[in-house]
*Asks:* 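Take a look at the following structure, please.
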Amino acid sequence: MVDTEHPVRVRFAPSPTGSLHIGGARTAYFNWLFARQHGGTFVLRIDDTDTARSTEASLQEILDSFRWLGIDWDEGPIVGGPHGPYRQSERQEIYRAALDKLVSEGRVYPCFCSQEQLAKDREEAQRQGRAPRYVGRCRNLSREQVKAKMDAGEPHVYRFRSPQVGETVVHDVIRGDVVFSNEELDDFVVWKADGTPTYHFASCVDDSEMHITHVIRAEEHLSNTPKHVVLFEALGAELPVFAHVPMILAPDRSKLSKRHGATSVREYRDAGILPEALINYLLLLGFAPGEDKEILTREEAIKLFDLERVTKHAAVYDVKKLEWLNAQYFRALPVDQVLDMVWSLLREAGYVEENPDAHTLAWIRTVIQTSQDRSRNAGELIANVSYYFQAPQQYDEKGVKKHFSHPDVADRLDQLADALDTVVPFTVSNIERLYRGLAESWQVKAAQLIHPTRLAISGVTVGPGLFDIMALLGREECQERMRWVAVKLRAGQL
RNA sequence: GGCCCCAUGGUCAAGUGGUUAAGACACCGCCCUUUCACGGCGGUAACAGGGGUUCGAAUCCCCUUGGGGUCACCA
């Protein structure tokens, strides 16, 4: 399937009218993987012909998203390249020249029908149960008629003179040959009355000019592809290989939209998802690397990716699995990297000073170490370490019932707090020795001391080893929190 | 509505005429642990339905159903 005569050239052509959607990110990633695998070129082309909706901010966000994901482009904005410009808004002359050529060859003809007339045609067709296609009113105007209308300055578009018989076959790497009857092919508009090309036209001209060998894009374009095929032929361009990748659906099998939660790369980034995790998940959505491998590096992905083995059916997006994958990557991160990641969050929460001394920094580092493998992302981590920085504001309700209900709890907490004075130095093993010893002499299970203490100190029933927490918190802070709970318990306030 | 694509557990997804129909996430047990998470072990759960073809169909064909896409002077 892979054309070895020409080096692989693929492209992704986002429209800067919003964020980079995860569906788009996946399509781009597949393109990128394919290019890298074949030592080819990945082109980024900006489809900004819709000047009303395109914004510079969107463009920047999209580029940022690509950088964050680690998807680099060989030709495109900023990096340039031999087939530029890479913004469609700057390629007007190129489209114009292509149009002129097709007009002179009679492959395209001017159409003077008004929008109102067209709307009426459509209604009529609908009434008669026919497909709403262009009726061909201007298809065979004589040279004189055209000239007369042109001279009169009548507004017009240009339509492609589509074949009306036979069939057009789209060779799709993922789906095989897809046959379309040419009777379905409309004389579609290639040039708008405002003097600009339509999407189909600009896209084909660009793909042709940029020598794109493989068009890997979303499935929604499959039905439009016959138009592109006939356009490529008219343009005298070599047909690229097509591959239409399935769409990504929401859990209810509808199109993924804002109401289903995060849909843009930016949102996942903000939510603490790691780029490696996202990209890994996107790959798994529609492709099985084989060998039961699910977690794989970019290099492995490049090696194992196979366009022909991309699934044919749409995939439902499962955030749970993304989160699981993210956890895998998050836990494997070096502590210092995690520290960098969460620093701003720690600052925002007011947990840390702007420029802590070396001792404090080392302490924070250790704190993070205790909770990193208990968290799936930066946000969870911050929530999990809050008690290291401030006394509990409240105590887990179930925990209170379970661990604070025994009548001796208040006394025990006080006694334990007092006993902490004897722990020198205040280390994990020394604290543990004290607890185990006391449990034995009090004839209770160590757990009966550990759980109330944990709840008193952290406010929650889960977390790292209690003695680790205590050693990090320091003797006095522990004593204070334990005695405070004892007081509240006696006052019946807990 | 016409045309096109698709259809294996709740989700992702192996499978390409003969398998006890993988694996992962999620869920449920058990183990480990002071708790949680991690980890380990085990479990529930699928070939949309109906016809063919064949000695034999998840795998091939047809129909039905369902889902999606597309039919613009939007991309």
Side-chain angles (χ1 to χ4, degrees), chain A residues 13-15 17 47-50 52-54 88 111 113 115 118-119 122 125-126 129-133 155-159 170 172 174-175 178-181 183-186 188-200 202-203 218-227 244 246-247 249 251 253-255 281 284-295 309 311-325 327-328 331 371-376 380 384 399 403 432 435-436 439 445-451 453-455 458 460-467:
Chain A
S15 201
T17 54
D47 189 346
D48 58 352
T49 51
D50 187 345
R53 291 194 304 146
S54 295
Q88 293 190 323
C111 169
C113 298
Q115 306 241 34
L118 260 18
R122 231 168 284 144
Q126 207 133 35
R130 287 184 292 112
R133 307 174 58 239
H156 57 281
V157 300
Y158 285 92
R159 287 180 183 276
V170 174
D172 189 287
I174 298 171
R175 288 151 216 284
V178 183
V179 183
F180 296 84
S181 165
E183 284 157 36
E184 299 296 326
L185 215 47
D186 203 357
F188 57 95
V189 175
V190 296
W191 201 263
K192 299 183 261 184
D194 66 359
T196 63
T198 60
Y199 161 77
H200 300 299
S203 175
E219 187 185 352
E220 56 190 300
H221 290 292
L222 182 55
S223 296
N224 288 326
T225 308
K227 292 190 184 92
H244 289 93
M247 311 203 53
L249 269 28
R253 302 224 134 244
S254 68
K255 206 165 179 171
Y281 179 67
L284 257 30
L285 215 52
F287 179 74
E291 296 166 32
D292 277 347
K293 259 185 116 60
E294 294 225 291
I295 298 180
R309 286 175 49 86
T311 55
K312 296 178 171 70
H313 54 271
V316 170
Y317 193 77
D318 180 19
V319 191
K320 284 270 178 54
K321 185 146 184 178
L322 204 215
E323 283 169 351
W324 171 79
L325 254 177
Q328 302 300 308
R331 288 168 183 148
S371 291
Q372 184 184 344
D373 59 2
R374 270 169 245 274
S375 313
R376 293 179 301 176
E380 275 187 20
N384 287 341
H403 305 301
E432 175 156 18
Y435 264 70
R436 304 239 178 249
K445 282 200 271 192
Q448 285 179 270
L449 269 29
I450 290 170
H451 292 309
T453 304
R454 172 189 294 284
L455 186 57
S458 72
V460 291
T461 60
V462 301
L466 173 66
F467 309 121

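Computed from a predicted structure; not experimentally measured.
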*Asks:* Which value, in whole Å, describes the distance between the C1' atoms of nucleotides B/G15 and B/A57?
*Replies:* 13 Å
*Asks:* Take A/Asp48 and A/Leu222, find for each the nucleotide of RNA chain B with the closest heavy atom, and name the residue whose nucleotide sits nearer the 5' end.
*Replies:* A/Leu222
*Asks:* With respect to the phosphate group of B/U34, does any side-chain polar atom (N or O) of A/Arg436 fall under 4.0 Å of OP1 or OP2?
*Replies:* yes
*Asks:* Counting heavy atoms from C-beta on, name the nucleotide in B/C74, B/A24, B/U35 closest to the side chain of A/Arg53.
*Replies:* B/C74
*Asks:* Base, sugar-phosphate, or nothing for A/Thr49, non-hydrogen atoms under 4.0 angstrom?
*Replies:* sugar-phosphate
*Asks:* Looking at the rings of A/Tyr199 and A/Phe188, which for Trp means the six-membered one, are their centres under 6.0 Å apart?
*Replies:* no
*Asks:* What nucleic acid atoms does A/Ala193 come within less than 4.0 Å of, heavy atoms only: base, sugar-phosphate, or nothing?
*Replies:* base
*Asks:* Using a heavy-atom cut-off of 4.0 Å across all strands, would you classify A/Pro464 as base, sugar-phosphate, or nothing?
*Replies:* base
*Asks:* On a whole-Å scale, what distance lies between the P atoms belonging to B/C38 and B/G29?
*Replies:* 15 Å
*Asks:* What is the nucleic acid contact for A/Asn224, judged by heavy atoms within less than 4.0 Å: base, sugar-phosphate only, or nothing?
*Replies:* base
*Asks:* Given the structure, check if the side chain of A/Arg175 and the base of B/C5 hold any donor-acceptor pair shorter than 3.5 Å.
*Replies:* no
*Asks:* Taking only the P atom of each, what is the distance from B/C62 to B/C4 in whole angstrom?
*Replies:* 13 Å
*Asks:* Which part of the nucleic acid, if any, lies within reach of A/Gly465 when heavy atoms closer than 4.0 Å are counted: base, sugar-phosphate only, or nothing?
*Replies:* base
*Asks:* Could you check A/Thr461 against A/Val178 and say which one's nearest nucleotide on RNA chain B is further toward the 5' end?
*Replies:* A/Val178
*Asks:* Touch check for A/Lys445, heavy atoms < 4.0 angstrom, all strands: base, sugar-phosphate only, or nothing?
*Replies:* nothing
*Asks:* More than 12 foreign heavy atoms under 6.0 Å from CD of A/Glu183: is that the case here?
*Replies:* no
*Asks:* In Watson-Crick or G-U wobble terms, both distances under 3.5 Å, what is the partner of B/U34?
*Replies:* none
*Asks:* Which one, B/U11, B/G2, B/G15, comes nearest to the side chain of A/Arg309?
*Replies:* B/G15
*Asks:* Is the shortest side-chain N/O distance from A/Thr311 to OP1 or OP2 of B/A13 below 4.0 Å?
*Replies:* yes
*Asks:* Rounding to the closest angstrom, what is the interatomic distance between B/U8 and B/A21 at atom C1'?
*Replies:* 8 Å
*Asks:* Going from CZ on A/Arg454 to CG on A/Leu449, what distance comes out if it is rounded to the nearest 0.5 angstrom?
*Replies:* 13.5 Å
*Asks:* Between B/A14, B/C12, B/C6, which nucleotide gets closest to the side-chain atoms of A/Lys312?
*Replies:* B/C6
*Asks:* Measuring from atom NZ of A/Lys192 to atom OG1 of A/Thr198, what distance do you get when rounded to the nearest 0.5 angstrom?
*Replies:* 7.0 Å
*Asks:* For a quick test of reading the model: is some side-chain N or O of A/His313 closer than 4.0 Å to OP1 or OP2 of B/A13?
*Replies:* yes
*Asks:* Pick the C1' atom in B/G50 and in B/G9, then give their distance to the nearest Å.
*Replies:* 22 Å
*Asks:* Is there a side-chain contact between A/Lys192 and the phosphate of B/A75, meaning an N or O under 4.0 Å from OP1 or OP2?
*Replies:* yes
*Asks:* Whole angstrom is fine here: how far is it from CZ in A/Phe188 over to P in B/C3?
*Replies:* 20 Å
*Asks:* Check the phosphate of B/G10 against A/Arg253, side-chain N and O only, distance under 4.0 Å to OP1 or OP2. Yes or no?
*Replies:* no
*Asks:* Quick one: label A/Thr196 by what it contacts on the DNA or RNA (base, sugar-phosphate, nothing), any heavy atom closer than 4.0 Å.
*Replies:* nothing
*Asks:* Taking any heavy-atom pair under 4.0 Å as a contact, classify A/Val460: base, sugar-phosphate, or nothing.
*Replies:* nothing
*Asks:* Can you tell me how far P of B/G23 sits from CD of A/Glu294, to the nearest Å?
*Replies:* 12 Å
*Asks:* Nearest 0.5 angstrom please: A/Ile174 CD1 to A/Glu219 CD, how far?
*Replies:* 9.0 Å
*Asks:* Counting heavy atoms from C-beta on, name the nucleotide in B/C25, B/A75, B/C73 closest to the side chain of A/Gln115.
*Replies:* B/C73
*Asks:* Under 4.0 Å between any heavy atoms, over every strand shown, what does A/His200 touch: base, sugar-phosphate, or nothing? Just pick one.
*Replies:* base
*Asks:* Using a 4.0 Å heavy-atom cut-off, does A/Val189 contact any base of the nucleic acid, only the sugar-phosphate backbone, or nothing at all?
*Replies:* sugar-phosphate
*Asks:* Answer with base, sugar-phosphate or nothing: what part of the nucleic acid does A/Arg376 contact at a heavy-atom distance below 4.0 Å?
*Replies:* nothing
*Asks:* What is the distance from CZ of A/Phe180 to C1' of B/G2, rounded to the nearest Å?
*Replies:* 13 Å
*Asks:* Suppose you measure atom C1' in B/C60 against the same atom in B/A24; what distance do you get, rounded to whole Å?
*Replies:* 30 Å
*Asks:* Taking the P atom in each of B/G42 and B/U54, what is the distance between them to the nearest angstrom?
*Replies:* 43 Å
*Asks:* Give one of base, sugar-phosphate or nothing for A/Gln448, where a contact means two heavy atoms less than 4.0 Å apart.
*Replies:* nothing
*Asks:* What distance do A/Lys293 atom NZ and A/Leu284 atom CG have between them, rounded to the nearest 0.5 Å?
*Replies:* 11.5 Å
*Asks:* Is A/Asp318 salt-bridged to A/Lys321, going by a charged N under 4.0 Å from an acidic O?
*Replies:* no
